[in-house]
Amino acid sequence: MQKITLGLNESVVRHISAHKKEPKWMLELRLQAFQYFQKQKMPQWGPDLSKLNLKKIHYFSSAGEEKKQWKDVPKEIRDTFERLGIPEAERKALAGVGTQYESESVYHSLKEEWKTKGVIFENLDYAIQHYPDMVKQYFMKCVPYTDHYFAALHYAVWSGGTFIYIPKGLKVEIPLQAYFRMNAQNMGQFEHTIIVLDEGAQAHYVEGCSAPLHSTHSLHAGCVEIFVKNRSHCKYSSVENWSKNVFNLNTKRAIVEDYGTIEWLGGNLGSCTTMLYPCSILKGKKSTALHTGVAFAGNSQHQDTGAKAILIGEQTTCTIKSKSISKKTGTTTYRGDVRVMPNAKHANVHIVCEGLLLDKTAISNTIPKIEVHEKTADIGHEATTGKISKEKLFYLMSRGLTEEDALKAIVTGFVEPFIKQLPLEYAVELHRLLELEIEK
Amino acid sequence: MIVKGKNEKPLVIEKSTQVVCAPSSRAILFDTTAKTTTIDVKPHAEIFYISWNKKMKKAIVGKEATIHWIELCTTDVKTETILAGKKAHARFLTLSIGKNMHISVHNTVLHQAKETISDIIMFSTLKQSTSFLRGTTIIEKHASGIAHQNFQTILLDENSHASALPEMFISTADVQASHHARAGQIKPETVFYMMSRGIDETTAQRIVTQSHITALLHQYPLEVQHILYDLLQKKCGENYEH
């Protein structure tokens, strides 16, 4: 297999496309995006990205090349796996060194069941080959490559990702998880996810992994496009815990039509710098968006997360709940952008941000931007930031907890409303991950 | 200009753009100039600074001193306050009653010392107007204190647009910081109720607006309140009547 050199040029883009045997329209889109990318400059706002060197990144590596050994995985990550109590086979898979694990057959049988009902749940590369018309109909229709610098980069070199289609009126009760696919084929760092819910459908998609994903790459620029049609309900959960040398610059966006609902659940723990603002475009009448996010920033991490909502339709509702915890020299930022467009009659927006600072060197920022162009809109925003009160700590300690345990209890209690909404196995793992982070 | 001792009558800043408030002084300052004013509030002083349509203002607040910024009917305002001394205190009140105008307000406060307090309150009603309200609170390392921002915008018609950006940058854990922003119309039920009692719609809206303003002004000493009500009537006229 041909090895791709460091950095990015047109031949790399062409190579990726040829390697995947993509149709011509996809190659053209990639090249357009690449040309646009070359004209753009790195964004100047937000966290410091000067350490990110785009010339020193492998933009593509196919699964065949990834023959790593378990002993090559950094000790830090191996320790975390062990303390989380993940079975060894899964650990290897998550670290990108294993080829299969026991539960694969379980996921496979689930897949068969969905298939008979008309659900498409495939790798996007596979979907392009097998459902080209459908992919073409939705690809790049929500996030254009002109959106920003990293979106252009993403479209030039994207690989891997998920394509989900839920047919009309079907309610998928079990959360669709991206675990099995990552296992089968080592996921790219520029994965592209498309989720389409046809009228009246309902689904819950869980992505990322709740255990640290070891990565030799230093940039993750994924993209998620969600299409919520009339009266459908989509829940998107992701727990992102990348290794501490990764820049996590993600783009997630959903277009919601009449009476549709989008729920975003996001947990951000790892990576050195995260910039992630899930966006909801509430286009339809009475459409709803619910954003819930938790961010944890430890040693010199910068979690720049938030939410974006554009309310266009009548009687649309948007609720944003954001919780952040910063420790040591960690920085958490809530960056919001909510726009109520003219004629979005009786739009209702409610934003709540809470920040928790664990020690004196921690940093917490809030930048909530609100724009209202409609008289009948009702907008409320509230935010609080503070430290853990000494009384609370003292009270818990007087009941026999050590200071560390008391601290853990308070922090996990703080994020409890978020954790509750996750599927059980993710909830347990996130809970333990948070405890681990506080211990460190 | 140098402010000394306790002044009962308001002092008018006419020419000078440098104001020094001596330790333990107390005064109501009335700014009519159009230039940038810099105010140095020495320890234990208490200053009420009243102005309108003023571009740029700066202040340094010393130990246990207080500055009250009061802006009325403003179109374009920018203030910068540094809380340099321990227990320094800054309160901002920006009232704008917009009719056919563009309001742009940016209040910045920098906490540099321990136990400092800042409170930014902005209230605006918009009729055929647009507003951009921005507050920036920065709490530096080794500082501590309480910071609060409160933005309220009432949209009175379809052609009004409001933007709010209450920012906070906090670099220490020893703080209590909070902000909240609201934007919307006056509750239609409230207006309807008043109309059912024989009050026309515009008057009903005005009464609600006035009650908001009264509640905000209530925190100031009586002499300051009188000045502010007078000023509101002069500057906003038909939009505001007490």
Side-chain angles (χ1 to χ4, degrees), chain A residues 306 311 324-390 407, chain B residues 111 114 122 124-188 191 205:
Chain A
L311 288 81
S324 66
I325 304 158
S326 29
K327 194 194 154 195
K328 283 190 181 156
T329 47
T331 307
T332 53
T333 305
Y334 167 81
R335 198 183 292 274
D337 188 353
V338 175
R339 290 179 207 172
V340 181
M341 304 311 272
N343 299 323
K345 296 231 173 355
H346 302 284
N348 202 328
V349 181
H350 186 57
I351 309 163
V352 187
C353 307
E354 283 174 63
L356 195 61
L357 297 152
L358 295 187
D359 49 43
K360 283 204 166 179
T361 50
I363 298 171
S364 173
N365 303 331
T366 338
I367 309 168
K369 198 177 169 215
I370 302 166
E371 263 179 49
V372 191
H373 302 289
E374 169 58 44
K375 174 196 159 192
T376 55
D378 189 5
I379 319 291
H381 169 94
E382 48 191 293
T384 49
T385 308
K387 59 175 177 178
I388 291 177
S389 76
K390 278 188 183 137
L407 200 68
Chain B
H111 291 246
K114 299 263 184 222
M122 297 193 201
S124 62
T125 62
L126 305 178
K127 203 179 251 181
Q128 308 278 342
S129 306
T130 55
S131 76
F132 178 55
L133 306 182
R134 184 173 179 189
T136 309
T137 305
I138 305 160
I139 303 180
E140 289 193 345
K141 258 184 204 173
H142 314 300
S144 70
I146 301 168
H148 182 64
Q149 293 188 21
N150 180 357
F151 293 12
Q152 290 179 34
T153 310
I154 295 177
L155 299 162
L156 293 174
D157 67 348
E158 281 77 18
N159 298 325
S160 295
H161 308 277
S163 305
L165 182 53
E167 294 172 308
M168 288 206 158
F169 301 95
I170 298 163
S171 308
T172 177
D174 203 4
V175 288
Q176 278 180 43
S178 59
H179 57 190
H180 59 256
R182 281 208 78 80
Q185 57 180 353
I186 296 171
K187 264 193 189 169
V191 177
Q205 284 179 345

Query raised in the report: B:Leu156 versus chain A, heavy atoms under 4.5 Å apart: side chain, backbone, both or neither?
Result: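 B:Leu156 touches chain A through backbone heavy atoms alone.
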Requested in this report: Check each atom of B:Ser171 against the heavy atoms of chain A and say whether the ones under 4.5 Å are side chain, backbone, both or neither.
Outcome: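 Both parts, backbone and side chain.
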Supply the atom-to-atom distance [X] [atom1] to [Y] [atom2], rounded to the nearest 0.5 angstrom.
X: B:His179; Y: A:Thr366; atom1: NE2; atom2: OG1; result: 4.5 Å
X: B:Gln152; Y: A:Ile379; atom1: CD; atom2: CD1; result: 14.0 Å
X: B:Glu167; Y: A:Asn365; atom1: CD; atom2: CG; result: 9.0 Å
X: A:His373; Y: B:Ser163; atom1: NE2; atom2: OG; result: 5.5 Å
X: A:Lys375; Y: B:Glu158; atom1: NZ; atom2: CD; result: 5.0 Å

If you tally heavy-atom pairs under 4.5 Å against chain A, which of [options] wins?
options: B:Gly184, B:Ala164, B:Ser131; value: B:Ala164
options: B:Ser178, B:Ser160, B:Ser144, B:Ala162; value: B:Ala162
options: B:Met168, B:His180, B:His148, B:Gln149; value: B:Met168

Query raised in the report: Considering only heavy atoms, which portion of A:Asp359 lies under 4.5 Å from any heavy atom of chain B: side chain, backbone, both, or neither?
Result: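 It is the backbone, since no side chain atom gets that close.
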Does the side chain of [X] reach to within under 4.5 Å of the side chain of [Y], using non-hydrogen atoms?
X: B:Asp174; Y: A:Lys387; value: yes
X: A:Ile363; Y: B:Phe169; value: no
X: B:Thr153; Y: A:Val372; value: no
X: B:Arg182; Y: A:Asp378; value: yes

Specify which of [options] makes the most heavy-atom pairs with chain B at under 4.5 Å.
options: A:Pro368, A:Ala362, A:Gly380; result: A:Pro368
options: A:Ala377, A:Ser364, A:Gly386; result: A:Ser364
options: A:Thr376, A:Thr329, A:Val352, A:Thr361; result: A:Thr376

Query raised in the report: Is B:Gln176 atom CD crowded by more than 12 heavy atoms from other residues, nucleotides or ligands, each under 6.0 Å away?
Result: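 12 or below, so no.
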Query - B:Thr172 versus A:Leu357, closest heavy-atom pair with distance - result: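 Closest approach of B:Thr172 to A:Leu357: O-CD1, 3.2 Å.
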Query raised in the report: Can you name the closest pair of heavy atoms from B:Ala181 and A:Ile370 and give their distance?
Result: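 The answer is CB-CD1, 4.2 Å.
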